[in-house]
Protein chains: 2
Amino acid sequence: MTRRGQYAKGAAKRAEILDAALEVVAEHGCRKASNREIAARVGLTQAGLMHHFGTREELFIEVLRARDQRDLEQFYAPHRGFQGLLDVIAHNVTVPGLVRLYVEYSAEATIAGHPARAFFEERFAWVRGLLIEALQQEQIEERMGPELDLPFVADLVIAATDGLQVQWLLDPSIDMTARLARLWEGVRASSWPTILA
Amino acid sequence: MTRRGQYAKGAAKRAEILDAALEVVAEHGCRKASNREIAARVGLTQAGLMHHFGTREELFIEVLRARDQRDLEQFYAPHRGFQGLLDVIAHNVTVPGLVRLYVEYSAEATIAGHPARAFFEERFAWVRGLLIEALQQEQIEERMGPELDLPFVADLVIAATDGLQVQWLLDPSIDMTARLARLWEGVRASSWPTILA
DNA sequence: GTCTATAAAAGGATAGAC
DNA sequence: GTCTATCCTTTTATAGAC
């Protein structure tokens, strides 16, 4: 019971910190989001914060992991096909801090030896896999031709999604979901097969 | 003459610095590229570097400006159509530092009040304009249907290009040019008109 | 134009008390 | 689990000599 309570409290505090980190990132950007300010938002000192996350990098990675887990549960299911991705993007519009963290941190992490590089490599492969599954379902239900090169289409859609997020951060009036939906309609209805197959 | 020589020397040093900045960014990333190391590469102290560029941000923006200017002269011409973009991307593969700077710095600069935000906003509008011009040329020469929504296609191509660059930084074996060429063939040959028009 | 010297700040991380 | 206190590093930027 005491032990249980301690764990529960620790987990609650961690969750609180993850939310605070998002707030600060949304306001100042990932680069200028200091541990001190994140800590202050949850009534901790910087040292107190470091007790929960060994390093700053672990904190950011944990934020992104939690996001992926939530998105997976809330929006993804193989039978939903492409709609799953569209729902994720529609949801992203409501969490600009998360979009900013993803865009900024994924860019920074591409450098060799960066502590978050492996995370993004693995995440990319994982997302590609999910998207390919979703596209296969679209083929099975015959909303999409059977000849398309799925890995190519998946990577292209991911690239467009990532690029759109930067455009959206610069101009939030852009409707990311509508644009992706339009891209998807283009892929679906395409007579691309002879080219993309 | 003396004056001329001074200017020439100053300009040469500036150019040297821009190259050095790219080297350091390629190795450590934009975030970890310190003024000190850039200065050291050209045999200057950090203070000496600051004489040429008032701030770090001006230096980075200048690097990107010089790149755009060069790309414009070397690769872009309205009558070349989409090939201009393909050539730029093919060239990008040979300058990873530039790609890294662009990806990382454009992400960071999306934050409100960032000194480079205006630069990226303007650059984005400029690139979109060039691409639309190029696409119009493709239509004129009837390599592409007349019904397509050009601004939409342009933004989508830019998004895909930007997203591909992140993928490429994580995995340099990806052939960005081939993927964009394939996207372009898809757009071109598409029976998208009823959807995208 | 370049250097030396220094400011002045901010950052992440750790040790040890409670 | 959290705080206080502190360390140490690194960074950008400036002032003034040469």
Side-chain angles (χ1 to χ4, degrees), chain A residues 1-21 24-25 27-63 101 104-105 108-109 111 113-116, chain B residues 1-21 24-25 27-63 101 104-105 108-109 111 113-116:
Chain A
M1 158 112 192
T2 51
R3 167 158 280 188
R4 233 236 180 136
Q6 280 167 4
Y7 280 145
K9 187 185 176 194
K13 200 64 180 176
R14 276 175 74 95
E16 225 186 302
I17 292 169
L18 295 183
D19 284 342
V24 179
V25 168
E27 289 170 31
H28 304 314
C30 160
R31 172 156 185 185
K32 292 286 184 188
S34 71
N35 294 356
R36 276 192 172 79
E37 181 163 359
I38 295 169
R41 300 268 172 131
V42 293
L44 285 182
T45 61
Q46 185 238 352
L49 182 80
M50 302 305 277
H51 169 76
H52 295 274
F53 301 90
T55 72
R56 173 185 179 70
E57 274 75 27
E58 282 175 47
L59 168 57
F60 284 149
I61 293 177
E62 183 85 359
V63 171
L101 176 62
E104 209 176 327
Y105 203 46
E108 179 189 324
I111 199 74
H114 191 286
Chain B
M1 155 107 194
T2 50
R3 169 156 280 190
R4 213 187 204 189
Q6 281 166 3
Y7 280 144
K9 188 185 175 194
K13 201 63 180 176
R14 276 175 75 95
E16 224 185 302
I17 292 169
L18 296 183
D19 284 343
V24 179
V25 168
E27 290 170 30
H28 305 313
C30 159
R31 171 155 186 188
K32 293 285 183 189
S34 71
N35 295 354
R36 268 194 179 79
E37 181 161 359
I38 296 169
R41 299 267 171 130
V42 293
L44 285 182
T45 61
Q46 183 241 349
L49 182 79
M50 302 304 279
H51 170 76
H52 295 274
F53 301 90
T55 71
R56 170 185 182 68
E57 274 74 26
E58 281 175 47
L59 168 57
F60 284 149
I61 292 176
E62 183 86 359
V63 171
L101 176 61
E104 212 176 325
Y105 203 47
E108 181 189 323
I111 197 77
H114 191 286

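Every chain is numbered from 1, with letters handed out A, B, ... down the list of sequences.
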> In chain order, what residues pass the ring pair (Phe, Tyr, Trp, His ring centres under 6.0 Å) check against His52(B), with sequence neighbours excluded?
Replying inline: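 Expected list: none.
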Taking [atom1] from [X] and [atom2] from [N], how many angstroms apart are they, rounded to a whole number?
| X | N | atom1 | atom2 | answer |
| --- | --- | --- | --- | --- |
| Phe53(B) | dT14(D) | CZ | C1' | 19 Å |
| Phe60(B) | dT12(D) | CZ | C1' | 12 Å |
| His52(B) | dA13(D) | NE2 | P | 16 Å |

>> Strictly under 4.0 angstrom, non-hydrogen atoms only: write out the protein contact profile of nucleotides 3-18 of chain C, one letter per nucleotide from the 5' end, B, S or -.
In response: SB------BBBB----
> Who pairs with Ile111(A) by side-chain contact (heavy atoms from CB on, under 4.5 Å), at least two apart in sequence or on another chain?
Replying inline: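 Listed in chain order: His114(A), Arg100(B).
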> Quick one: side-chain contact (heavy atoms from CB on, under 4.5 Å) partners of Ala47(A), sequence neighbours excluded?
Replying inline: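 Result, side-chain contact (heavy atoms from CB on, under 4.5 Å) vs Ala47(A): Thr45(A).
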> Who passes side-chain hydrogen bond (donor to acceptor under 3.5 Å, both in side chains) against Glu16(A), sequence neighbours left out?
Replying inline: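 With neighbours one apart ignored, the set is empty.
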> Which residue pairs satisfy the salt bridge (charged side-chain N to carboxylate O under 4.0 Å, His left out) criterion with at least one member in residues 50-62 of chain A, sequence neighbours excluded?
Replying inline: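 Those involving residues 50-62 of chain A are Arg14(A)-Glu62(A).
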